[in-house]
Amino acid sequence: MTSPFPELTAESAKDLCLEHLGFCVILVTKGQPTGDLSKQFESLKNSFEKKNEKLKMPFGFMWLDYQHEKDWAALFGSEDKQNVIFLNPGKRKRYLVHEGEYSEKAISTTIDRVLSGDTSFKRLGDKLPAFLDRKSAK
């Protein structure tokens with residue numbers, strides 16, 4: 001995957017997030033992120049990759065298309081809107097929806113709150129939704 005932050009799909013989910021140690025930072029958006037949004041998210045990713053070396057708390061950065069992955073978007077309350085989701089893919093999967101503006105500074109503040117334990121995650125059910133099988137959909 002050569003994208004600075006790859007798409008979360010059926011083919012990539014295990015490698016990128018679901019069997020990942022640490023947190024998944026998921027930009028839920030309509031289609032592939034572009035422009036300022038893409039640049040801010042990439043800058044955020046680069047900033048926290050440097051911090052990860054010191055903290056040993058890996059963050060994986062990715063995006064999810066709410067038009068294709070409707071069940072996942074609904075799970076996070078993002079059926080028709082952009083969101084940033086923090087997913088803890090551990091044994092008891094939990095998530096947190098970023099609240100506030102979509103800026104590098106605001107999302108960075110949420111990440112700092114996650115690291116300090118100053119957040120409340122919502123538990124996901126035991127059964128996660130399936131991802132769209134894009135191979136058979138073609």
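- Within 6.0 Å of the CZ atom in Arg92, the count of heavy atoms belonging to other residues, nucleotides or ligands does not exceed 12.
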Take Leu128 and Leu18 through the test side chain to side chain contact (heavy atoms under 4.5 Å, CB included) and record every step on the way to the result. CA-CA 10 Å; Leu128 297 176; Leu18 297 181; 4.2 Å; yes
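- When every heavy atom of His98 is checked against every heavy atom of Tyr102, the shortest pair comes out as CD2-CE2, 4.2 Å.
- With hydrogens and angles ignored, the 3.5 Å screen pairs no side-chain donor or acceptor of Ser47 with any backbone N or O of Ser43.
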Trace of the side chain to side chain contact (heavy atoms under 4.5 Å, CB included) decision for Thr110 with Leu96: CA-CA 10 Å; Thr110 300; Leu96 169 76; 4.0 Å; yes
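- Ring geometry, Phe131 versus Trp72: the interplanar angle falls under 30°, so the pair is classed parallel (tilted spans 30 to 60°).
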Show your reasoning for whether ring pair (Phe, Tyr, Trp, His ring centres under 6.0 Å) applies to Phe23 and Phe59. CA-CA 5 Å; Phe23 291 93; Phe59 283 86; 5.6 Å; yes
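- The two residues Phe121 and Arg94 make their nearest non-hydrogen contact at CB-CB, 3.7 Å.
- In this structure, Phe48 and Ile111 approach most closely via the heavy-atom pair CE2-CG2, 3.0 Å.
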Between Leu37 and Gln82, is a side chain to side chain contact (heavy atoms under 4.5 Å, CB included) present by the stated rule, with each step listed? CA-CA 11 Å; Leu37 179 64; Gln82 178 178 295; 3.3 Å; yes
Mind running side chain to side chain contact (heavy atoms under 4.5 Å, CB included) on Asn83 and Lys81 for me, showing each step along the way? CA-CA 6 Å; Asn83 253 330; Lys81 64 182 177 184; 3.8 Å; yes
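- Taking each heavy atom of Cys17 and Leu87 in turn, the nearest pair found is SG-CD2, 3.5 Å.
- With hydrogens and angles ignored, the 3.5 Å screen pairs no side-chain donor or acceptor of Glu7 with any backbone N or O of Gln32.
- When all heavy atoms are compared, the tightest approach of Ile85 to Ser78 is CD1-OG, 4.4 Å.
- The minimum heavy-atom distance linking Val84 with Ile107 is given by the pair CG2-CD1, 3.7 Å.
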Could you give me the CA-CA distance, side-chain angles and deciding distance for Phe86 and Tyr95, then say whether ring pair (Phe, Tyr, Trp, His ring centres under 6.0 Å) is met? CA-CA 5 Å; Phe86 296 86; Tyr95 74 97; over 10 Å; no
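- Heavy atoms from other residues, nucleotides or ligands lying under 6.0 Å from CG of Asp118 number more than 12.
- Two residues are said to be in side-chain contact when any heavy atoms from C-beta on lie closer than 4.5 Å; Trp63 and Ile26 fail this criterion.
- In terms of modelled atom types and a separation under 3.5 Å, the side chain of Ser12 and the main chain of Thr9 share a donor-acceptor contact.
- Listed for the Lys93 side chain is a donor-acceptor partner under 3.5 Å among the backbone atoms of Pro89.
- Annotation: side chain of Phe5 is in contact with side chain of Pro33 (closest heavy-atom distance under 4.5 Å).
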